[in-house]
Protein chains: 2
Amino acid sequence: MVKLDKVDISILSQLQSNADITNAELSKRVNLSPTPCFNRVKRLEELGILNGKVALVSAGMLGLNVNVFIHISLEKQDEEALKCFEGAIADRPEVMECYLMSGEEDYLLRVLVPDIQSLEKFILTHLAKIHGISNIRSSFALKQVRYKTSLPLPETGLTIVD
Amino acid sequence: MVKLDKVDISILSQLQSNADITNAELSKRVNLSPTPCFNRVKRLEELGILNGKVALVSAGMLGLNVNVFIHISLEKQDEEALKCFEGAIADRPEVMECYLMSGEEDYLLRVLVPDIQSLEKFILTHLAKIHGISNIRSSFALKQVRYKTSLPLPETGLTIVD
DNA sequence: GTTGAAAGAGGCGCAGC
DNA sequence: GCTGCGCCTCTTTCAAC
């Protein structure tokens, strides 16, 4: 059982919006002295709640301007078929997100590519070759209005029962 | 006009998968000495290609287990209506992503909430109150199969014309 | 929980190639 | 463009309260 108080939530909130600050600075922002602040961050890392730090790269500045949502239906929905599909897309770098969905269609992918040609190539040479797919439907994003990695955190503490 | 060579791409690739390494370690991985490596990172930051570092927080461990895709249609699609909608969701923390879409429906949102009750509350007290919405349709994710923040980078260099 | 001290590492700038 | 040197700040650990 894991317990997080308001200060823990506050630390997570700070770090998920900017991980580039020093421990000294972080401790000020959460009204703690450096040592306990450092210990809490270590604890959150050991619990697996803090999952590492990453640099965010601007997709637009690298010419990665085409976000496509691909809806996929399978012929069957047994465990075998799901594993087969998930394994096939696991190492494709252009697949940013993949969800197993309820409703008519089985999977929803967000694919990020530089242009339509790259999308066509991805669909033909990778997606279409996966066994068990019955239908592929693509919707294009005209604009990415919002994208964030910061989770919506509660203002109060949390008790997480394992 | 911005030029990135293979080493720049390599730096971006390293940092977007792990931003917690020291400059000394990074320089080894990209086969550079520390100083020019440091200067390249600074340049990438100044160009706005590197957009800061963030800590990734585990949604599942905080009980944020419900990913919902909400498709939204507007009555009109003029600039006024789009601005109104985008402004209304801009400060909602549960809206992780928002795309202006081609096709039948106008917007696609990914919303992250702890449970269905929170989703209902979000739709009733926030979404439904926005003027100009003609239809709201939700699809639930049964499982997040994949989620990553690392962009698909080219193996060769890039020339970006401004 | 807090402070303070001390060692070791890394950031960051400079001089020279 | 590269390397090597050096200061200085920060992290990180410790003992003590």
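Just so we're on the same page: letters track the sequence lines, and every chain starts at 1.
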Can you tell me how far the CE atom of A/Met101 sits from the CZ atom of B/Phe140, to the nearest 0.5 Å?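 A/Met101 atom CE to B/Phe140 atom CZ measures 9.0 Å (nearest 0.5 Å).
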Enter the distance from B/Ser73:OG to B/Asn135:CG here, rounded to the nearest 0.5 Å.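 Those atoms lie 5.0 Å apart.
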Show me the donor-acceptor pairs within less than 3.5 Å that the side chains of residues 147-157 of chain A make with the rest of the protein, sequence neighbours left out.
from: A/Lys148; atom 1: NZ; to: A/Ser150; atom 2: O; distance (Å): 2.6
from: A/Lys148; atom 1: NZ; to: B/Pro93; atom 2: O; distance (Å): 2.8
from: A/Ser150; atom 1: OG; to: A/Gln16; atom 2: O; distance (Å): 3.2

Would a 4.5 Å heavy-atom cut-off, applied to side chains only, mark A/Ile21 and A/Arg29 as touching?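 Sidechains of A/Arg29 and A/Ile21: in contact.
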Is the closest side-chain heavy-atom distance between B/Leu108 and A/Ser139 below 4.5 Å?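 Side chain of B/Leu108 against side chain of A/Ser139, heavy atoms only: no contact under 4.5 Å found.
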Any donor and acceptor pair, going by atom type alone, linking the side chain of B/Gln144 with main-chain N or O of B/Ala141 inside 3.5 Å?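 Not at all, since once roles are kept as given, no pair shorter than 3.5 Å links the two residues.
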Whole-Å distance separating the [atom1] atom of [X] from the [atom2] atom of [N]:
X       : N      : atom1 : atom2 : answer
A/Leu26 : D/dC10 : CG    : C1'   : 14 Å
A/Arg40 : D/dT12 : CZ    : P     : 18 Å
B/Ile21 : C/dA9  : CD1   : C1'   : 16 Å
B/Lys28 : C/dG10 : NZ    : C1'   : 12 Å
A/Leu32 : C/dG1  : CG    : C1'   : 8 Å

Under-4.0 Å side-chain N/O to phosphate OP1/OP2 contact, A/Ser33 with C/dT3: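 Indeed, a polar side-chain atom of A/Ser33 lies that close.
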May I ask you to list the residues of residues 7-14 of chain A, by number, that have any heavy atom positioned under 4.0 Å from an atom of DNA chain D?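 Here the set is empty: none.
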Between the protein and nucleotides 12-15 of chain C, list every N/O to N/O distance that falls short of 3.5 Å.
none

Whichever of A/Glu25 and B/Pro36 has its nearest DNA chain D nucleotide further upstream toward 5':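 Whichever sits nearer the 5' end wins; that is B/Pro36.
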Output side-chain donor-acceptor pairs under 3.5 Å for residues 114-130 of chain A, partner residues at least two apart or in another chain, one line each.
from: A/Asp115; atom 1: OD1; to: A/Gln117; atom 2: N; distance (Å): 3.3
from: A/Asp115; atom 1: OD1; to: A/Ser118; atom 2: N; distance (Å): 2.8
from: A/Asp115; atom 1: OD1; to: A/Ser118; atom 2: OG; distance (Å): 2.7
from: A/Thr125; atom 1: OG1; to: A/Lys121; atom 2: O; distance (Å): 2.7
from: A/His126; atom 1: NE2; to: A/Arg92; atom 2: NH1; distance (Å): 3.1

Which one, C/dG10, D/dC2, D/dT11, comes nearest to the side chain of B/Thr22?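 Among C/dG10, D/dC2, D/dT11, the one nearest the side chain of B/Thr22 is C/dG10.
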Let me have the donor-acceptor pairs involving side chains of residues 44-68 of chain A, under 3.5 Å, with sequence neighbours excluded, atom names and distances please.
from: A/Glu45; atom 1: OE1; to: A/Lys42; atom 2: NZ; distance (Å): 3.2
from: A/Ser58; atom 1: OG; to: A/Met61; atom 2: N; distance (Å): 3.2
from: A/Asn67; atom 1: OD1; to: A/Arg110; atom 2: NH1; distance (Å): 2.8

Tell me every residue that passes ring pair (Phe, Tyr, Trp, His ring centres under 6.0 Å) with B/Phe38, counting only those two or more places apart in sequence or in another chain.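 B/Phe38: no ring pair (Phe, Tyr, Trp, His ring centres under 6.0 Å) contacts found.
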